[in-house]
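Notes to accompany the following structure.
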Amino acid sequence: MSYFFFPIRGLALRPPTSTAICAQCYRPFSSSAMLFSGHNRWSKIKHEKGAADAKKNAQRSTFAKNLTLYSRLYGPDPNMNSQLATVIAAAKKAGMPKASIDVAVARGQGKSSTGAGLESVTLEVMMPPSVAMVIDVETDNKQRALQELRTMIKRHKGTVTPTAFLFTRLGRIVLKDDGHEFDEVLMQALEAGAEDVEQDEDEDIIIWTQPNTMHQAVQNLGKALPSAEILGSEIIWSPTADKIKLDDADAATAIGNFLTTLQEYPDVQGVYANAERGAISEDTWRVVEDNLDT
């Protein structure tokens with residue numbers, strides 16, 4: 001056994017002295033309160049940033065669809081197409097990149113920004129918890145688009161599987177109320193080929209047609225109601241059975257994140273789902289709703 005000896009020095013009693021401690025060094029032994037405070041602040045910032053990003057994505061998606069619509073209806077030259085020129089100016093003011101604007105205008109002519117023809121593809125997807133989706137895609141490279149989208153779906157725990165049987169295809173035309181009596185618009189719409197006409201909460205007029213008659217109905221309405229502004233014209237997938245209520249906040253947030261990512265993918269033209277709001281917050285549902293085209 002080894003022993004260690006230390007020299008003993010004389011101990012002198014000294015009066016207590018006060019030691020100055022800077023504020024930075026003087027910290028409580030427990031820092032949990034500070035940690036939680038910082039975590040809560042970061043969570044709030046992250047939530048607000050996510051909501052702002054989702055709003056920006058939804059706005060750009062709306063601009064892109066309107067650019068494509070007016071390019072398809074009235075031509076790609078803004079000098080000859082006042083409605084297209086108006087949307088281009090608004091999109092630029094909102095910070096939409098010029099390249100994205102050019103892509104949307106070219107898409108209205110059935111082409112990519114390079115002039116290549118576009119091919120339509122449909123992806124059928126099931127997302128937890130049992131939410132069926134249909135994704136419409138227009139691309140100049142089918143193999144690349146399908147590969148990238150399938151990878152995206154898998155990363156968000158979705159499955160590519162038949163879901164289209166849960167939906168029906170409908171033509172939808174949206175007109176801005178310009179002072180016409182609803183009955184007048186109804187009669188003109190029916191003569192133009194509409195099957196049903198209704199008014200939404202914003203008092204815009206929704207006209208429903210069969211998919212194969214929608215384009216002709218738009219042309220007929222433009223002639224019959226020249227002062228009416230066409231806000232939208234598209235063929236959608238409308239759920240035919242009862243919708244799935246989103247009651248779990250985590251599952252709804254995951255779906256919202258997936259939809260936001262989908263809408264950022266340039267070849268995605270429409271995303272449809274048989275989901276509706278259940279026992280989740282309004283903010284959580286808004287992210288889902290803003291990124292759906294139903």
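Values reported hereafter were calculated over all heavy atoms of this structure, with side chains retained and with hydrogens, waters and symmetry mates removed. This is a predicted model, so every value here is computed, not measured.
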_Starting from V125, can I reach L146 by hopping between I/L/V/M/F/W/Y residues whose side chains sit under 4.5 Å apart?_
yes

*Are more than 12 heavy atoms from other residues, nucleotides or ligands located less than 6.0 Å from atom CD of E198?*
yes

*Validation row: N291, L262 side chains within 4.5 angstrom (heavy atoms)*: no

*Answer yes or no: is there a donor N or O on one side and an acceptor on the other, between the side chain of T68 and the main chain of A104, under 3.5 Å?*
yes

*Any chance you could measure E124, atom CD, to F167, atom CZ, to the nearest 0.5 Å?*
9.0 Å

*So does D200 have more than 12 non-hydrogen atoms from other groups sitting under 6.0 Å from CG?*
yes

*Does any non-hydrogen side-chain atom of M133 lie less than 4.5 Å from one of T163?*
no

_Heavy-atom side-chain contact between S82 and L84 under 4.5 Å_ = no

*Flag yes if F63 and L69 sit in one hydrophobic cluster, no otherwise; membership is Ile, Leu, Val, Met, Phe, Trp, Tyr, and two members link when side-chain heavy atoms are under 4.5 Å apart.*
yes

*Supply the atom-to-atom distance M127 CE to K157 NZ, rounded to the nearest 0.5 angstrom.*
10.0 Å

_If hydrophobic clusters are built by linking Ile, Leu, Val, Met, Phe, Trp and Tyr wherever their side-chain heavy atoms come under 4.5 Å apart, do V87 and L231 end up in the same one?_
no

_Reported CD-to-CE distance for the pair Q147 and M152, which is rounded to 0.5 angstrom_ = 12.0 Å

*Rounded to the nearest 0.5 Å, how far apart are CH2 of W208 and OG of S238?*
6.0 Å

*Distance-minimising heavy-atom pair for G75 and N81*: O-ND2, 2.9 Å

*Looking only at heavy atoms, what is the nearest atom pair of A85 and P78, with distance?*
CB-O, 3.6 Å

*Euclidean distance, N141 CG relative to E119 CD, rounded to 0.5 Å*: 9.5 Å

_Measuring only between side-chain heavy atoms, which start at C-beta, is W237 closer than 4.5 Å to T122?_
yes

*Please report the shortest heavy-atom distance between K176 and D204, naming the atom on each side.*
CA-OD1, 3.7 Å

_With clusters defined by side-chain heavy atoms of hydrophobic residues (ILVMFWY) lying less than 4.5 Å apart, directly or transitively, does V137 cluster with L259?_
yes

*Within a strict 4.5 Å, meaning less than it, do heavy atoms of the L175 and I230 side chains meet?*
yes

_Close side-chain approach of V160 to L149, heavy-atom, < 4.5 Å_ = no

*Could you give me the CA-CA distance, side-chain angles and deciding distance for W285 and V288, then say whether side chain to side chain contact (heavy atoms under 4.5 Å, CB included) is met?*
CA-CA 5 Å; W285 170 246; V288 175; 3.7 Å; yes

*Where E229 and Q83 come nearest, the two heavy atoms and their spacing*: CG-NE2, 4.3 Å

*Would I153 and Y265 show up in the same hydrophobic cluster when neighbours are defined by side-chain heavy atoms closer than 4.5 Å?*
yes

_Side chain proximity check, L67 to M96, heavy atoms < 4.5 angstrom_ = yes

_Shortest non-hydrogen separation from G278 to D247 and the atoms involved_ = CA-OD1, 3.2 Å

*asked:* Quick check: closest heavy atoms across M214 and E234, and the distance to 0.1 Å?
replied: SD-O, 3.2 Å

*Roughly how far, to the nearest 0.5 Å, is the CD atom of E138 from the CG atom of D140?*
11.0 Å

Which pairs would a plain distance check flag for residues 183-196, meaning a side-chain donor or acceptor within less than 3.5 Å of a matching protein atom at least two apart in sequence or in another chain?
from : atom 1 : to   : atom 2 : distance (Å)
E195 : OE1    : Q210 : NE2    : 3.0
E195 : OE2    : Q210 : NE2    : 3.3

*asked:* Set out, in order, the CA-CA distance, both residues' side-chain angles and the distance that settles side chain to side chain contact (heavy atoms under 4.5 Å, CB included) for N274 and V131, then state yes or no.
replied: CA-CA 6 Å; N274 65 343; V131 173; 3.8 Å; yes

_Does any part of the side chain of D267, heavy atoms only, come nearer than 4.5 Å to the side chain of R144, both counted from C-beta?_
yes

*Given side chain to side chain contact (heavy atoms under 4.5 Å, CB included), test T240 with F165 step by step and report yes or no.*
CA-CA 9 Å; T240 55; F165 67 93; over 6 Å; no

